[in-house]
Amino acid sequence: MSKTVLILGAGIGGLAAANLLRRSLPKGSRVVVADRERSVSFAASYLWVMSGERKEERLSPPLDRLQRKGIEVIEGEVEHIDPDKRKATIGGASISADYLIVALGADFIPETVPGLVEGGLTFATLAGAARLRAALATFTEGRVVVLTAAPLYKCPAAPYEAAMLIEAGFRRRGIRRQVTVELYAAEPGPMGVAGPAVSAAVRGMVETQGIGYFPDHQVTKVDPLGRSVEFTNGKRAGYDLLVYVPPIRAPQVVRESGLIDKSGWVQVDRNTLATRFPGVYGLGDVTSIPLSMGKPLPKAGVFARAQAEVVARNIARAVSGSGREAGFDGHGACFVEVGAGKAGYGAGNFYGEPLPAVNMRRPSWLWHAGKVLYEKYWFWRWP
Ligand SMILES: Cc1cc2nc3c(=O)[nH]c(=O)nc-3n(C[C@H](O)[C@H](O)[C@H](O)COP(=O)(O)OP(=O)(O)OC[C@H]3O[C@@H](n4cnc5c(N)ncnc54)[C@H](O)[C@@H]3O)c2cc1C
């Protein structure tokens with residue numbers, strides 16, 4: 001029977017869901033994906049834009065390329081979601097579907113910290129990473145402060161990788177002695193959701209590179225003129241260049257949809273990603289999945305992609321009436337770039353009880369090569 005699947009958001013999760021559904025649903029069925037952006041992008045490469053190893057133009061293939069695969073693309077703002085009716089308003093037009101997948105990610109809200117936008121630069125967006133690359137290229141001496149502006153942000157490894165890549169860049173340019181690199185984190189330790197051993201391993205990688213690490217420092221405001229950051233613990237840090245990871249929240253259209261719970265994110269079944277509305281799924285950063293260790297599942301593309309596969313398989317199963325139900329098992333992996341062509345590699349089961357069962361492999365060129373290969377695969381496979 002022909003059905004329509006509407007996917008809101010063509011990021012890492014939405015793209016994977018669209019591709020997998022197009023392959024598995026019968027020809028007459030419609031797979032429709034909506035996004036406000038004209039091009040897709042792969043945030044895991046932004047750190048290489050910052051470090052000068054990638055050009056931003058190469059990282060943004062056009063979204064409408066999906067049409068060649070038989071996936072319908074709507075370019076526009078998702079303005080309203082009605083999960084009861086499995087309906088959305090996109091760019092003023094209403095569209096309803098048999099299945100609705102909400103994959104709208106998380107919005108950056110740096111403006112909630114006074115002075116942060118005016119005083120700092122971020123690698124969290126493609127344009128931001130390019131601006132930061134330019135600022136780093138002309139930086140010759142002084143103090144660089146990397147700051148996580150809230151304990152919850154996209155990709156728990158990213159700020160640690162950023163600090164290490166920045167430090168390695170100064171070494172490469174022969175100016176390391178003239179520069180201090182410090183990382184002030186709102187969280188109590190690196191990648192705490194992966195367990196204490198992984199956290200200690202990443203902290204070790206950072207400190208081995210001579211980067212000052214200051215956990216439990218929640219920024220209250222930034223003084224762009226005086227070039228200083230103030231924290232809730234009364235401390236203050238001066239800087240010459242401030243690099244920040246912005247706080248996040250669910251997009252407004254999602255917060256107004258009735259899909260979120262008290263966490264502020266879309267509530268889903270942790271195995272099937274089903275919401276409480278029949279035929280409506282949430283996946284990726286827009287969801288919050290509580291873990292027994294007390295923190296939510298990290299917001300990372302590796303999970304968005306794996307969850308997309310589960311949702312796509314279960315929708316295909318519901319349409320065809322055959323096959324086994326798929327479930328998301330909490331497994332994930334992540335490369336941790338340390339600079340000089342090396343990366344660590346953490347992998348394991350984040351649904352582990354009582355703690356996630358995640359191991360961190362020591363930095364080597366092999367894991368860096370793994371990340372480069374994965375990037376190539378991603379651009380070949382999904383957009
Ligand atoms: C610098 C950086 C490095 C990272 N590195 C890694 C990494 O190495 N490994 C990893 O696993 N993860 C990494 N991540 C995290 C990863 O990018 C995200 O977790 C992932 O993109 C989440 O996928 P998603 O599909 O849920 O959301 P997204 O990929 O963010 O997609 C959401 C989409 O929804 C669209 N959208 C939002 N609101 C609207 C609206 N109202 N109307 C229309 N469209 C809308 C957006 O334009 C976007 O295309 C990194 C993130 C950053 C910022």
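Remember, it's 1-based here, ligands and their atoms both numbered in the order they're listed.
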**Student:** Lys371 heavy atoms, cut-off 4.0 Å: which ligand 1 atoms fall inside?
**Tutor:** 8 (O)
**Student:** Does the side chain of Tyr184 pick up a donor-acceptor pair with the side chain of Tyr213 at under 3.5 Å?
**Tutor:**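 Looking only at side-chain atoms, Tyr213 and Tyr184 do not form any donor-acceptor pair under 3.5 Å.
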**Student:** Can you run down the salt bridge (charged side-chain N to carboxylate O under 4.0 Å, His left out) pairs that involve residues 283-312, sequence neighbours left out, and say none if there aren't any?
**Tutor:** Lys154-Asp285, Arg305-Glu309
**Student:** For ligand 1 and Asp285, I'd like to know whether there is a polar contact (N/O to N/O, distance under 3.5 Å).
**Tutor:**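 Such a contact does occur with ligand 1.
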**Student:** N/O to N/O below 3.5 Å, does that happen between Ala124 and ligand 1?
**Tutor:** no
**Student:** Got an N/O contact under 3.5 Å between Ala34 and ligand 1?
**Tutor:**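 No; every N/O pair is 3.5 Å or more apart.
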**Student:** Check each atom of ligand 1 against the heavy atoms of Lys154 and keep those under 4.0 Å away; list them by number with element.
**Tutor:**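 The list of qualifying atoms is 30 (O).
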**Student:** Under a 3.5 Å cutoff, is there a donor and acceptor pairing between the side chains of Tyr345 and Ser364?
**Tutor:** no
**Student:** Which is it for Glu375 and Lys371 under the salt bridge (charged side-chain N to carboxylate O under 4.0 Å, His left out) test, yes or no, and what are the steps along the way?
**Tutor:** CA-CA 6 Å; Glu375 180 199 43; Lys371 183 160 181 169; over 6 Å; no
**Student:** With a 4.5 Å cut-off on side-chain heavy atoms, are Ser228 and Arg236 touching?
**Tutor:** yes
**Student:** Salt bridge check: are Arg36 and Glu75 linked by an N-O gap of less than 4.0 Å?
**Tutor:** no
**Student:** What about Ala333: any of its N or O atoms under 3.5 Å from an N or O on ligand 1?
**Tutor:**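 So ligand 1 has no N or O lying under 3.5 Å from an N or O of Ala333.
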**Student:** Would Phe108 count as being in polar contact with ligand 1, using the rule that some N or O on each side must be under 3.5 angstrom apart?
**Tutor:** no
**Student:** Short N/O distance, under 3.5 Å, between Ala300 and ligand 1?
**Tutor:**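 In this structure, Ala300 places an N or O atom under 3.5 Å from an N or O of ligand 1.
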**Student:** Which of the atoms of ligand 1 are close to Ala103, meaning less than 4.0 Å from one of its heavy atoms?
**Tutor:** 32 (C), 33 (C), 34 (O)
**Student:** Pull out every atom of ligand 1 sitting under 4.0 Å from any heavy atom of Phe123, numbered as shown with elements.
**Tutor:** 1 (C)
**Student:** Give the minimum heavy-atom separation between Ser45 and Arg54, together with the two atoms involved.
**Tutor:**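 Taking Ser45 first and Arg54 second, the nearest heavy atoms are O-CG, 4.5 Å.
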**Student:** Show the atoms of ligand 1 that are less than 4.0 angstrom away from any heavy atom in Glu37.
**Tutor:** 47 (O)
**Student:** Evaluate the criterion side chain to side chain donor-acceptor pair (under 3.5 Å) for residue pair Glu79 and Thr89; output intermediate values, then yes/no.
**Tutor:** CA-CA 5 Å; Glu79 292 145 347; Thr89 308; 5.6 Å; no
**Student:** Show which atoms of ligand 1 fall inside a sub-4.0 Å distance from at least one heavy-atom site of Gly284.
**Tutor:**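 It comes down to these atoms of ligand 1: 26 (O).
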**Student:** Does any N or O atom in Asp35 lie less than 3.5 angstrom from one in ligand 1, N or O only?
**Tutor:**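 Yes, since at least one N or O of Asp35 sits under 3.5 Å from an N or O of ligand 1.
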**Student:** Are Glu325 and Arg313 close enough for a salt bridge, meaning some N to O gap below 4.0 Å?
**Tutor:**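 Not counted as a salt bridge, because no side-chain N and carboxylate O are separated by less than 4.0 Å.
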